[in-house]
Structures are given as structure tokens and as C-alpha cells.
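These figures come from a predicted structure and were not determined experimentally. Lettering follows sequence order; numbering is per chain, from 1. Any value given below was found using the heavy atoms of this structure, including those in side chains, with hydrogens, waters and symmetry copies removed.
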Amino acid sequence: MTIQGCLIRMKFDLRISPLDLSQTLGCGQAFRWRLQSDGSWVGPLADQLIKLKRTGHVIHVDANPGGSRAKRLVLDHLRAQDDVGEIQRTLAIDPVLAPGISQMRGLRIVKTNEWETLVSFILATYANIPRIMKMVETLATRFGDPIAEGVNSFPTLDRIRRVPRSDLESCGFGYRAKYIHEVSRRLDEDQIGGMKDLSYIELRKKLMELPGVGEKVADCVSLFGFGKLESFPIDVWMERALARLYGRRGSYLRLREFAQERFGQYAGYAQEYIYHNERTRAHDGVCAFTRN
DNA sequence: GCCCAGGAGTGTG
DNA sequence: CACACTCATGGG
């Protein structure tokens, strides 16, 4: 251990199965994980910089600064308590999904910080993932606190609230800047805490009262930020996929009702499988699913 | 210059 | 309800 200012490193191993780091951390659920040249993934969780690297069945974790919190942060983020095998067996009843799931066994839904997720997906409206990552990084660089060399924490709600509107508008966020500013002004930590007790439907409705939060953003925040696995976010990729795979078209409401009926309480996992497949298919032309 | 991107807000039929 | 239009910005 080196003690140099706040730099106290900590290493430990975890066994989380199934888990594919690239499928889980590189598919647009969280925006601050970076693939390193050695195959590891590095990103901030709360005030700690975490490195994850797989060797065989073991995930090596390197936390900086270290502490007993690091293990809890990683386990919570990767939702280690989820029985992903059971979820997959349930969803694989769908003959369209079954062959694709077998290729995405290690894709897990992550649990991200509520406030960070809300802000990130407000920024995500009508942007692509590289740009979303860039905008989120800009917020951290300009308003977050340094936690490691070159890496800042995501700014808290209280911090963003104190940022002048003109400073947010100089970040290159376009029309999204005023949403972030206004949402920080309307919310406080207690309200976010209260949202954790709401049902998915209640939470969704509450989130959609916020400016810049429509159905899709509310569903992403519900799924990733609040762990509502029945949420089924529908973006342009999902619209295309649902049309192609299931012949389903129409309004958000209609597609959402279809998803609830077809995928039920684990619709969020079905969404990630379909979304991930649709994006990789656009890249390599291979579809893992069979059409309905 | 074109088009698109993990859309939302507003107004209209 | 559904639909059309506008809203800023960056990258292919």
C-alpha cells in the first residue's frame, strides 16, 4: 500500500457470473467506463476510481482510493444479487430472443447513481453514445471533484444547482443545458431519496414531470438509476428492432404495452438484449435473433 | 452541404 | 390519442 495524499489502493477479486465486461459496460447503460489497452475497464463509482479486469472466472478489482466501500460499490453497480440465469431462462421462452440471449449471456443490467443517470439521459436526448460520453465527461471535468489523476467524480445535485446557467450553456449541450439547470433547481436529495420507494409506474410519472424528461428518458432512469427491471426504454434503435423482429410499429404507448405483455417483469433485460443486438448488427451485419 | 443521433416540448387534428 | 414541427450540436 502506498500512502500518498488520498491515494490508497486496494485490490480484491470477485466472482460474478455471468458477466461480460464489454457487453455490460460498453453498451450505453453507463457512460464513464473506458476500455484500456490491456483489456481492463476503468471508471469512477462514487468517489472511487475502479479498474475491472477478467482472468478466467475471476474479476480482479483495483480501487483507488481503496476501502471496504469499494467492494460494495462494485457489487451494487453490477447487481451481483440478480439471478441473471433465471432471467435468461424466463426470457428465452420467447423464440425470437432465445438464440440471441445465448450470445449475450454476460450482459448485465447495471445499477447507476440516480442523479447521475437522470442528468446523463437528459443529455442523451437526440445525441449518439460517443457524444453523450463526451458531455457527461465535460460535466465531471468542469464541476466534479478530482478523485484520481485526470478523473473527476460526477457533480452532485447540490453542486450543479450552484452552477450558473450561463456556465452550463457554455458546455456545448445545446438545448439540453437549460433542462439540466432547471431540474437541479426543482429537485433536492430528499426528493430523489423518496423516489426510491415508488413503484415503476409512480416513479415514471414523477420523473416525467421534470423538464427534458419524456417517456424514453424516464424509462432509462427507472431501469438503470432506480433498478426497475420491468422498464422498457424505446429509442430509434428499439423502434427499428421491434418492427424488424416482431413486426410491431406505432406509438410509444403501443410498443410499451407490447413489451410488458411479451416480456413482463424482466422487460428491461429483453430491451438490453434487443438494443445491444441492433447496434452490433448495424456494425457487423449479423443478427443474433430469429424473426417472428 | 447532407443525414443521423438511447427525444422532448408544443401545437394541431 | 396521433402526428408535425422545432429545438442545438457534433460526427460520419
Side-chain angles (χ1 to χ4, degrees), chain A residues 22-33 104 107-114 116-139 141-142 165-184 186 204-226 228-229 231-245 248-259 263 267-285:
Chain A
S22 293
Q23 289 181 347
T24 300
L25 304 177
C27 70
Q29 301 187 67
F31 300 105
R32 298 200 65 196
W33 288 100
M104 291 178 267
L107 171 56
R108 305 180 72 94
I109 300 270
V110 296
K111 168 66 177 74
T112 48
N113 174 267
E114 295 83 3
E116 179 172 348
T117 309
L118 175 58
V119 174
S120 297
F121 280 96
I122 289 174
L123 290 174
T125 61
Y126 213 57
N128 53 33
I129 290 180
R131 190 177 171 208
I132 299 164
M133 295 172 71
K134 193 174 174 183
M135 290 190 283
V136 170
E137 209 55 40
T138 296
L139 272 184
T141 300
R142 292 186 57 163
R165 180 197 269 264
S166 58
D167 286 9
L168 281 173
E169 288 173 341
S170 68
C171 288
F173 298 164
Y175 55 81
R176 306 166 187 85
K178 64 178 181 294
Y179 294 147
I180 303 299
H181 182 265
E182 183 59 27
V183 166
S184 75
R186 287 197 199 182
R204 185 177 198 277
K205 185 177 177 185
K206 201 71 174 174
L207 289 169
M208 286 177 63
E209 294 174 3
L210 299 169
V213 181
E215 295 191 282
K216 191 269 175 181
V217 170
D219 281 335
C220 284
V221 177
S222 296
L223 178 57
F224 306 126
F226 289 86
K228 302 298 187 185
L229 294 186
S231 179
F232 190 85
I234 302 163
D235 66 342
V236 291
W237 295 91
M238 287 301 296
E239 281 184 10
R240 285 194 287 266
L242 291 174
R244 189 171 56 81
L245 296 170
R248 293 289 174 154
R249 296 173 177 76
S251 65
Y252 199 102
L253 176 61
R254 277 185 39 149
L255 295 176
R256 180 169 153 247
E257 285 174 342
F258 165 73
F263 308 122
Y269 261 92
Q271 191 272 357
E272 278 305 299
Y273 295 137
I274 296 169
Y275 177 76
H276 189 268
N277 174 253
E278 190 68 14
R279 280 172 43 83
T280 56
R281 194 184 75 91
H283 183 259
D284 60 28

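Spacing between atom CE of Met135(A) and atom P of dG11(C) amounts to 11 Å, rounded to whole angstrom units. In this entry the distance linking CD of Glu239(A) with P of dC4(B) reads 13 Å, nearest Å. Atom CD1 in Ile132(A) sits roughly 12 Å away from atom P in dA8(B) (whole-Å rounding). A straight line from CE of Met238(A) to P of dA5(B) spans 14 Å, rounded to a whole angstrom. Atom CZ in Phe121(A) sits roughly 11 Å away from atom P in dA8(B) (whole-Å rounding). Here the P atom of nucleotide dC4(B) and the CZ atom of Arg279(A) are 17 Å apart, to the nearest Å. Rounded to an integer number of Å, the gap from Leu168(A) CG to dT9(C) P is 14 Å. Rounded to whole Å, the distance from NZ on Lys216(A) to P on dG7(B) is 5 Å.
Taking side-chain N and O atoms only, Arg176(A) has no distance below 4.0 Å to OP1 or OP2 of dG9(B). Within the structure, every side-chain polar atom (N or O) of Thr125(A) is placed at least 4.0 Å from both OP1 and OP2 of dA8(B). Considering only side-chain N and O atoms, Lys178(A) lies nowhere under 4.0 angstrom from the phosphate OP1 or OP2 of dC7(C).
Along DNA chain B, the nucleotide closest to Leu210(A) and the one closest to Cys27(A) are compared, and the more 5′ of them pairs with Cys27(A).
For dG9(B), its base never sits under 3.5 Å from the side chain of Tyr179(A) at any donor and acceptor pair.
In this structure, Phe224(A) reaches the bases: a heavy-atom distance under 4.0 Å links it to at least one base atom across the strands shown. As judged by a 4.0 angstrom heavy-atom cut-off over every strand, Gly212(A) is placed among residues touching the sugar-phosphate backbone only. Among the protein residues, Leu253(A) comes within range of the sugar-phosphate backbone only, with heavy atoms under 4.0 Å from sugar or phosphate atoms but none that close to a base. Across all strands shown, Glu272(A) has heavy atoms under 4.0 Å from base atoms, whether or not it also approaches the sugar-phosphate.
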Which atom pairs, donor and acceptor, lie under 3.5 Å between side-chain atoms of residues 126-136 of chain A and protein residues at least two apart or in another chain?
from, atom 1, to, atom 2, distance (Å)
Asn128(A), OD1, Arg131(A), N, 3.2
Arg131(A), NH2, Gly172(A), O, 3.2

Could you give the side-chain donor-acceptor pairs of residues 209-222 of chain A under 3.5 Å, partners two or more places apart or in another chain?
from, atom 1, to, atom 2, distance (Å)
Glu215(A), OE2, Arg204(A), NH2, 3.3
Asp219(A), OD1, Tyr200(A), OH, 2.6
Asp219(A), OD1, Arg204(A), NE, 2.9
Asp219(A), OD1, Ser231(A), OG, 3.4
Asp219(A), OD2, Arg204(A), NH2, 3.3
Asp219(A), OD2, Tyr252(A), OH, 2.6
Ser222(A), OG, Ala218(A), O, 2.7

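The same atom, C1', is picked in dG10(C) and in dG9(B); the two are 22 Å apart, to the nearest Å. Straight-line distance between the C1' atoms of dA8(B) and dG11(C): roughly 22 Å, to the nearest whole Å.
No more than 12 heavy atoms of other residues, nucleotides or ligands lie within 6.0 Å of NZ in Lys206(A), so this atom counts as exposed by the packing criterion.
Outside the 6.0 Å centre-distance limit, the rings of Phe232(A) and Tyr275(A) are not counted as a close aromatic pair.
Closest to the side chain of Trp237(A), from the set dT9(C), dA5(B), dC7(C), is dA5(B).
Residues Phe258(A) and Ile234(A) have side chains not in contact (no heavy-atom distance under 4.5 Å, counting atoms from C-beta outward). Taking 4.5 Å as the limit, some side-chain heavy atom of Gln29(A) sits within range of a side-chain heavy atom of Leu107(A).
dG7(B) has its base stacked against the ring of Tyr126(A), the centroids being under 5.5 angstrom apart at an interplanar angle below 30°.
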